[in-house]
Amino acid sequence: MRLLLIEDDDRIAGPLTEGLGRYGFTVDRARTGAAGLAGSGEDPDLVLLDLGLPDMDGLDVCRALRARSAIPIIMITARGEEADRVVGLELGADDYLAKPFGVRELVARIRAVTRRTGAPQALPPTLRAQTSEAGPGSVPTATAQKLGRLEIDRRTRQVRVQGREIALSPREFDLLAHLADDPGAVRSRRQIMDTVWDPHFFGPTKTLDAHVAALRRKLGDPAWIITVRGVGFRLTVPGAAGPAAEAP
């Protein structure tokens, strides 16, 4: 995944580029807003945008980027006030991270944003296995993830149970896809809310329970989604001997 880092401070850009590289990201850097808007080389999959740039305000850069592209934008800045976060998000930023922060938190937010926006990201284990079996350089023949009777096609956002398509709301689909990224693994309530909703969501967490209940009903068996008391939820295949696994 290719990132464009628009940051003038070498003391931040250097360690950040190195740290993101360890997680498998390719980072191109622009030191000014004008350079970031001009672009060079391959188009990035996501922009990391500092607000305190030497030539122009980062909010203006965000506005210009959003006017011409739907590329995901994460603002990284020392401006941590609520008013700045609100303005940035309303101008079209997908997330807002105040300095100082750790690389691991930034990586988690990049992954959360790419899941929400549909930008390129690491494939879930079951799809990754299909790709590796196809051989290097080849295109996987199947785009759908299969878990027992359940089939999830992220490309078309379609879900089928025993071959029958079921209608899900956009949020219900995102919730199901998030749980299916690592079948059998427990996802905490906070992790689900940050990924499927928004890191800045301040509404009642009961909305998560309502969406889980709706998913269970539409999937036809409450055993698809298991509640782990005091932690969160995990996706399983009803009747399977162990954790959820891809069907042959």
Side-chain angles (χ1 to χ4, degrees), residues 1-17 19-20 23 25 27-40 43-121 169-171 174-175 178 189-208:
M1 182 177 181
R2 183 173 294 274
L3 309 177
L4 172 60
L5 172 63
I6 306 178
E7 168 65 69
D8 66 305
D9 193 335
D10 292 337
R11 295 169 300 175
I12 295 175
L16 196 55
T17 299
L20 289 169
Y23 282 88
F25 296 98
V27 182
D28 297 323
R29 182 188 173 194
R31 288 178 167 81
T32 65
L37 290 173
S40 62
D43 290 337
D45 300 307
L46 182 144
V47 174
L48 302 173
L49 173 61
D50 180 30
L51 295 189
L53 298 171
D55 60 333
M56 58 193 301
D57 194 295
L59 293 175
D60 294 327
V61 177
C62 178
R63 184 185 292 108
L65 284 172
R66 185 55 69 233
R68 71 189 193 194
S69 171
I71 187 171
I73 301 171
I74 298 179
M75 291 183 171
I76 52 174
T77 175
R79 303 183 199 173
E81 291 78 10
E82 180 182 6
D84 291 315
R85 294 198 303 271
V86 170
V87 172
L89 293 169
E90 287 185 344
L91 284 176
D94 296 277
D95 201 354
Y96 193 110
L97 188 57
K99 302 173 184 176
F101 55 83
V103 173
R104 286 192 300 175
E105 180 183 3
L106 176 59
V107 169
R109 289 178 180 268
I110 290 172
R111 290 173 175 166
V113 166
T114 53
R115 280 193 294 267
R116 290 200 303 271
T117 60
Q121 58 176 314
S169 70
R171 194 78 73 183
D174 292 341
L175 173 57
H178 176 59
R189 300 177 69 91
R190 183 70 266 165
Q191 185 181 14
I192 295 172
M193 294 300 294
D194 286 352
T195 302
V196 180
W197 273 261
D198 189 280
H200 305 288
F201 179 81
F202 294 108
T205 59
K206 286 295 182 183
T207 188
L208 172 56

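Just so you know, residue 1 is the first one in the sequence shown, and it goes up from there.
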Open item on the list: Please determine whether a side-chain nitrogen of the Lys or Arg among R66 and D94 lies less than 4.0 Å from a carboxylate oxygen of the Asp or Glu.
Closed with: yes
Task: Sidechain N-carboxylate O distance under 4.0 Å for D174, R171 - done: no
Please report the closest heavy-atom contact between [X] and [Y], naming both atoms and the distance.
X	Y	result
R63	D60	NH1-OD1, 2.7 Å
G92	C62	C-SG, 4.3 Å
P15	D10	CD-O, 3.9 Å

TODO: Mark yes when over 12 heavy atoms from residues, nucleotides or ligands other than R11 sit less than 6.0 Å from its CZ; otherwise mark no.
DONE: no
From [X] atom [atom1] to [Y] atom [atom2], the distance as rounded to the nearest 0.5 Å:
X	Y	atom1	atom2	answer
R31	L5	CZ	CG	10.0 Å
L89	D95	CG	CG	7.0 Å
L51	I76	CG	CD1	9.0 Å

Below 4.5 Å, heavy atoms only, C-beta onward: do [X] and [Y] meet side chain to side chain?
X	Y	answer
L49	E7	no
Y96	I73	no
L20	L48	yes
R189	L208	yes
P44	L3	no
V47	I74	no
L37	I6	no
M193	V196	no

Is [X] reaching over with its side chain to a backbone N or O of [Y], donor-acceptor style, under 3.5 angstrom?
X	Y	answer
R29	D8	yes
T114	I110	yes
D55	A34	yes

Open item on the list: Checking F101 against R109 for the side-chain contact (heavy atoms from CB on, under 4.5 Å) test, could you report, in this order, the C-alpha distance in whole Å, the side-chain angles of both residues, the deciding distance, and whether it holds?
Closed with: CA-CA 11 Å; F101 55 83; R109 289 178 180 268; over 6 Å; no
Open item on the list: Given R2, which partner from the list D45, D43, D28 fulfils the salt bridge (charged side-chain N to carboxylate O under 4.0 Å, His left out) test?
Closed with: D28
